[in-house]
2 protein chains.
Amino acid sequence: MATRSTGRTDVTRSAILARLGAQGPASRADLARALDVSPALITQLVKELIADGLVDEREHSPSQGGRPARRLGLVSSAGHAVGLKIAPDHLAFVEVELDGTVIRSAQEPFDASSATLLEGLGHAVEGFIDGGSGVPILGIGVAIPGTVDAQGSGIVDSYQLDWNDMPIGPTLRRMLGLPVLVENNVNALAMAERLFGIGRNHATFLTLTIGTGVGLGLVMDGVVLRGGSGGAGEIGHVPLVADGVLCSCGNHGCLETVIGQASLERRARDAAVIPQRAGIAALTRAADDGDGRAQEIFSDAGRVLARVLAGVVQVFDPESVIVLGEGTAAWKHWASGFEPEFRATLLPSRRGVPVEVETWTDESWAQGAAALVLSTPFDAVGLAGEQGRLVRSRLSVVPKPGVQSHGR
Amino acid sequence: MATRSTGRTDVTRSAILARLGAQGPASRADLARALDVSPALITQLVKELIADGLVDEREHSPSQGGRPARRLGLVSSAGHAVGLKIAPDHLAFVEVELDGTVIRSAQEPFDASSATLLEGLGHAVEGFIDGGSGVPILGIGVAIPGTVDAQGSGIVDSYQLDWNDMPIGPTLRRMLGLPVLVENNVNALAMAERLFGIGRNHATFLTLTIGTGVGLGLVMDGVVLRGGSGGAGEIGHVPLVADGVLCSCGNHGCLETVIGQASLERRARDAAVIPQRAGIAALTRAADDGDGRAQEIFSDAGRVLARVLAGVVQVFDPESVIVLGEGTAAWKHWASGFEPEFRATLLPSRRGVPVEVETWTDESWAQGAAALVLSTPFDAVGLAGEQGRLVRSRLSVVPKPGVQSHGR
DNA sequence: ACAACTTTGTTTAGAACTAAAGGAACTCTA
DNA sequence: TAGAGTTCCTTTAGTTCTAAACAAAGTTGT
């Protein structure tokens with residue numbers, strides 16, 4: 001859609017902030033090149049940003065053969081973002097600085113099927129924010145396992161949560177008076193990866209998330225692809241085995257029925273590799289301890305995944321694949337099956353595609369959610385639309401540290 | 001990467017022209033909405049465009065409840081584009097108007113392995129242009145079966161043509177003094193589809209091309225995706241059969257070895273459905289004439305294709321799939337296997353994805369190539385880069401009809 | 001037939017941005 | 001140690017675009 005143009009809001013001011021936050025300190029000249037604007041504009045905007053207390057001048061970087069650059073850094077405490085991950089039985093919160101570093105985090109039980117879940121959710125977020133540092137909150141990012149309406153207003157369909165047209169975005173917006181960005185959890189994670197993770201160095205990559213299921217995030221030319229109806233990346237339901245096991249989606253033989261967590265656990269239990277009541281953690285432990293049968297379960301899954309993912313890499317042509325999720329704890333066991341099969345199945349010209357594993361923590365999902373907020377100043381027009389503009393304006397208006405003004 | 005902004009060249013002037021060309025006449029208000037600029041700007045730029053003879057005012061459209069709109073139309077003869085398709089043994093040319101209509105076309109034998117192929121190519125294009133209508137040529141689009149360097153300068157690698165780092169773009173640019181845009185043929189076709197075909201009504205869709213092989217074009221949010229190294233859409237080499245038939249790519253059991261033209265022909269010959277020396281055309285005729293064995297060969301292929309394509313649709317979430325290529329002549333036979341399998345394999349929420357067949361002519365490939373030129377004013381910064389800017393400037397400078405000035 | 005409403009198109013002041021030219025601060029070469 | 005070359009940053013004048021207010025040309029309701 002003939003991408004936008006000038007004027008209206010100060011997109012570039014925010015782009016500078018986002019760039020400094022995401023990529024670390026940089027000189028004015030660096031910024032001009034990176035954002036593809038004239039040095040003149042950077043000079044002028046940086047002057048304002050310094051006056052506003054959002055940016056400060058740091059040390060000189062060594063000369064590159066000419067006048068040495070004066071590096072600029074983000075005053076990362078100038079604004080914070082909150083990330084929220086919604087799971088069927090609990091909520092996970094984080095508060096992060098502009099550069100993505102986690103300030104604090106929390107977990108809380110939650111009942112996604114409760115009749116009063118919307119109020120409960122709102123109060124939980126209020127509670128988390130109130131316990132905060134006093135630094136103004138720019139917005140709330142919410143990661144959900146499911147799909148969001150295309151307009152990005154935050155109305156959620158989720159099979160896992162058993163939600164249908166659930167107005168998460170509108171409700172939180174009304175209760176909190178803050179910008180709220182709702183997105184599929186896998187896409188949110190891809191966004192975080194692009195801003196703060198390995199993806200920082202690639203414009204076009206795939207994120208593969210291994211958890212209870214498998215998911216795919218598609219990032220092309222620096223943009224997270226959402227598909228026609230916000231449902232891109234559903235690799236878990238790629239058809240694999242004709243007339244295979246019945247999948248939760250109603251079809252038979254989806255990838256998830258073969259290499260999903262439940263499938264691995266069942267296989268392990270049937271083979272008595274782990275006790276009947278044990279789960280994936282026990283299986284991972286067994287493999288770590290050298291149990292050959294446990295290792296084989298993972299490497300078999302790796303081989304299957306390899307062929308499917310090779311197909312996607314063939315079609316999508318990414319520079320890199322990044323592996324994420326709770327399941328990465330067992331990745332080294334997956335890899336023994338995955339790696340040889342993956343390489344052997346790729347076109348010769350793609351065979352060098354790196355597969356990198358990102359370190360995973362309990363807070364990673366919520367961190368991904370927070371990245372939704374921090375990413376908004378980045379898109380010129382922006383998926384984020386109205387909410388993105390609100391985040392931008394809050395960022396620009398942020399007062400000198402000290403005074404707070406959340407809500408409103 | 002923080003999409004660009006204002007200034008520099010008159011991007012929007014060209015966007016107006018492209019929009020009018022691609023979507024037909026529209027009012028000023030329509031244009032403002034479509035291009036996401038202010039009505040004020042449209043008023044001003046249209047004034048200039050009318051003065052330049054590139055746009056004219058047409059009839060009034062009926063009122064929508066307020067002041068009726070005065071529609072604007074492109075003076076489509078204001079500039080032409082040339083499209084060139086390169087095949088191993090021949091070249092196909094078309095000259096099109098700004099709205100994509102074909103003015104004239106030509107074919108010419110060609111030897112892609114000749115030592116003097118570059119000069120030959122240049123002279124062939126010169127010959128075609130010189131035989132033209134006298135309307136200024138905005139640029140040359142070249143569609144090749146292979147990959148182009150990421151910078152878009154037009155250096156080609158092609159297995160089919162047996163080319164390695166072949167400087168098609170630089171050579172033609174030097175010989176002709178015109179903007180030259182080189183792109184993979186499948187991607188060029190996707191671009192044409194987006195500008196002038198069924199894809200006009202969808203922002204996010206797949207094009208499936210069936211010819212000697214199968215190819216995929218990915219269009220998301222109106223942009224043709226090229227992948228990290230310009231090789232996106234290689235569905236022909238998705239791994240399908242473990243330890244299957246050896247493929248030209250060096251791997252075994254690629255999709256192409258199962259449903260590629262050569263494979264169908266072999267199967268038909270082995271079963272004596274067609275004579276030993278006959279090809280796909282004979283097989284199609286047999287199926288058309290009611291030969292059940294021929295029909296089954298196609299429907300079997302359709303079933304296989306359905307499962308692979310369902311996987312891609314799962315991952316990519318397009319609004320629509322468009323089928324193109326010489327092979328569409330037999331699509332109704334493919335479809336009897338494809339349709340039921342495709343629907344049954346998709347997620348319930350995707351099951352309604354339309355699969356539409358575009359009408360196909362001998363000139364379609366070259367028309368796709370020409371669309372490369374006509375699309376350049378559309379991208380804000382643009383894949384097209386330098387060449388796109390040149391096309392834009394030629395479009396703006398186009399004189400009142402009459403005077404010509406190609407080269408230089 | 002008149003006001004109220006809607007949509008289209010135009011004008012004007014001002015914001016966002018660029019290009020071009022030049023000053024500032026350093027390195028390299030002779 | 002002087003000049004030539006680089007890279008970084010700033011200033012100035014001018015372009016592209018927006019926002020806001022308004023004029024134009026219709027439809028609809030009473």
Side-chain angles (χ1 to χ4, degrees), chain A residues 2-17 20 25-51 55-72 377 380-381 389 392-393 396, chain B residues 2-17 19-20 25-51 55-73 377 380-381 389 392-393 396:
Chain A
T3 332
R4 255 311 272 337
S5 309
T6 184
R8 195 145 62 196
T9 44
D10 39 6
V11 177
T12 311
R13 267 174 70 106
S14 321
I16 293 174
L17 295 173
L20 290 178
S27 72
R28 282 162 242 248
D30 287 340
L31 289 171
R33 282 186 295 261
L35 303 179
D36 196 13
V37 296
S38 65
L41 181 59
I42 299 290
T43 292
Q44 170 148 348
L45 294 181
V46 164
K47 199 185 294 173
E48 297 170 22
L49 288 170
I50 291 177
V55 164
D56 53 6
E57 292 195 316
R58 305 271 166 92
E59 79 288 356
H60 289 258
S61 26
S63 162
Q64 311 277 34
R67 172 174 170 173
R70 169 162 268 150
R71 310 225 296 161
L72 302 166
V381 190
R389 219 170 309 138
R392 279 197 279 274
S393 72
S396 314
Chain B
T3 331
R4 255 311 275 334
S5 309
T6 185
R8 194 144 64 196
T9 45
D10 40 5
V11 176
T12 310
R13 266 173 72 105
S14 321
I16 292 173
L17 295 171
R19 178 82 193 183
L20 290 177
S27 71
R28 283 162 241 248
D30 286 340
L31 289 171
R33 281 186 296 262
L35 303 179
D36 196 14
V37 297
S38 66
L41 182 59
I42 298 290
T43 293
Q44 170 147 348
L45 293 182
V46 164
K47 199 184 294 174
E48 297 170 23
L49 289 169
I50 291 177
V55 163
D56 51 8
E57 291 195 317
R58 306 270 166 92
E59 79 290 355
H60 289 258
S61 28
S63 162
Q64 312 276 33
R67 171 175 172 175
R70 169 161 267 148
R71 310 224 297 161
L72 302 167
V381 190
R389 219 170 309 140
R392 279 196 279 274
S393 72
S396 315

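Chain letters run A, B, ... following the sequence lines, proteins first and then strands; every chain starts at 1.
When rounded to the nearest whole Å, the span between CD of A:E59 and P of C:dA25 equals 18 Å. A straight line from CZ of A:R28 to P of C:dA24 spans 16 Å, rounded to a whole angstrom. The nearest whole Å value for the distance from the CG atom in B:L31 to the P atom in C:dT7 is 18 Å. Protein atom CZ of B:R70 is 12 Å distant from nucleotide atom C1' of D:dA24, rounded to whole Å.
Near DNA chain C, defined here as any heavy-atom distance below 4.0 Å, the residues from residues 40-48 of chain B are B:A40, B:T43, B:K47, listed numerically.
For the atom pair A:I16 CD1 and A:I42 CD1, the distance stands at 4.0 Å (nearest 0.5 Å).
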Could you list, one pair per line, each protein nitrogen or oxygen that sits under 3.5 Å from a nitrogen or oxygen of nucleotides 26-30 of chain D, together with the distance?
{"from": "D:dG26", "atom 1": "N2", "to": "B:G65", "atom 2": "O", "distance (Å)": "3.0"}

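Screening B:S27, B:S63, B:P62 against B:P68 for a side-chain contact (heavy atoms from CB on, under 4.5 Å) leaves a single residue, B:S63. When the options A:E57, A:E59, A:R58 are evaluated for a side-chain contact (heavy atoms from CB on, under 4.5 Å) with A:P25, the one that passes is A:R58. When the options A:V55, A:L72, A:D56, A:L20 are evaluated for a side-chain contact (heavy atoms from CB on, under 4.5 Å) with A:L49, the one that passes is A:V55.
Here A:R71 lies out of heavy-atom contact (under 4.0 Å) with every strand.
Shown here for A:A32 and A:S38, the closest heavy-atom pair between the two residues is CB-C, 4.2 Å.
Applying the side-chain contact (heavy atoms from CB on, under 4.5 Å) rule to B:R33 yields the partners B:A29, B:D30; only residues at least two apart in sequence or on another chain are considered.
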